[in-house]
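In what follows, a structure is listed as structure tokens, so that the remarks can point back to it.
Hydrogens, waters and symmetry mates are skipped; everything else that's a heavy atom, side chains included, is used. Protein chains get the first letters and strands the later ones, always in sequence-line order, with residue 1 at the start of each.
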Amino acid sequence: MFAGRKVRLFHFLFEMLEDPNMAHCVSWVPTDAGVFRFSSTNKDQVAALWGQRKGNKRPMTYQKMSRALRNYSRSGEIFKVKKKLTYQFSRDTLMSLRKCHRGSL
DNA sequence: TAAGTTGGGAGAACCC
DNA sequence: GGGGTTCTCCCAACTT
């Protein structure tokens with residue numbers, strides 16, 4: 001899935017969310033559609049994986065990854081939820097991600 | 001107080 | 001090479 005070169009951060013995050021093996025790092029919030037939350041202890045693992053995916057020289061951290069996440073708030077793709085380590089995909093972003101995800105299966 | 005989390009600005013990398 | 005977009009990095013403030 002998303003096996004291209006120009007993988008964007010929210011593509012990668014969606015992959016993590018759809019992977020049951022990554023549920024201990026990041027998972028959907030069952031009570032809110034499109035809302036997901038990072039594990040307080042494993043959030044850096046997700047970031048490290050993202051850094052590897054991009055082939056970064058320096059190790060990625062949650063701090064830096066959340067900075068990129070904040071950029072999505074400006075473009076309206078992902079919004080920050082007023083809870084710790086919690087973000088929300090916009091309806092539109094979620095729809096295109098799901099379409100892309102199903103199409104790549 | 002310390003640790004963890006969030007936010008801003010500037011610069012680098014990539015694509016047209 | 002220029003312009004626009006996305007991502008990375010460092011620093012400071014806020015919350016628990």
Is the number of heavy atoms from other residues, nucleotides or ligands within 6.0 Å of CZ (A:Arg67) greater than 12? yes

Treating Ile, Leu, Val, Met, Phe, Trp and Tyr as nodes and any side-chain heavy-atom pair under 4.5 angstrom as an edge, say whether A:Ile78 and A:Phe12 lie in one connected cluster. yes

Strand contacts (DNA chain C) in residues 55-68 of chain A, 4.0 angstrom heavy-atom criterion: A:Asn56, A:Arg58, A:Met60, A:Gln63, A:Lys64, A:Arg67, A:Ala68

Residues A:Thr93 and A:Ser96: closest non-hydrogen pair is O-OG, 3.0 Å

Atom pairs and distances, donor-acceptor, side-chain atoms in residues 57-64 of chain A, under 3.5 Å, two or more places apart:
residue	atom	partner	partner atom	Å
A:Thr61	OG1	A:Lys64	N	3.4
A:Tyr62	OH	A:Tyr87	OH	3.4
A:Lys64	NZ	A:Pro59	O	3.0

In terms of heavy-atom contacts, A:Leu94 and A:Trp28 come closest through CD1-CH2, 3.7 Å

Opening and closing nucleotides of DNA chain C in contact with chain A, under 4.0 Å to non-hydrogen atoms: C:dT6 to C:dC11

Keeping A:Glu77 on the side-chain end and A:Asn71 on the backbone end, is there a donor-acceptor pair under 3.5 Å? no

Measure the distance from NZ on A:Lys43 to C1' on B:dG4 and round it to the nearest whole Å. 7 Å

Could you list all the salt bridge (Lys or Arg N to Asp or Glu O under 4.0 Å) pairs where at least one residue sits in residues 80-96 of chain A, not counting sequence neighbours? none

For DNA chain C, what residues of residues 71-88 of chain A have any heavy atom nearer than 4.0 Å? A:Asn71, A:Tyr72

What I want to find out is whether A:Glu15 reaches A:Arg53 closely enough, with some N-O distance under 4.0 Å, to be called a salt bridge. yes

Taking NZ from A:Lys54 and C1' from B:dA12, how many angstroms apart are they, rounded to a whole number? 11 Å

Across all chains, not counting sequence neighbours, the ring pair (Phe, Tyr, Trp, His ring centres under 6.0 Å) partners of A:Phe36 are A:Phe38, A:Phe89

Common cluster, A:Leu49/A:Leu69, ILVMFWY with side-chain heavy-atom separation under 4.5 Å: yes

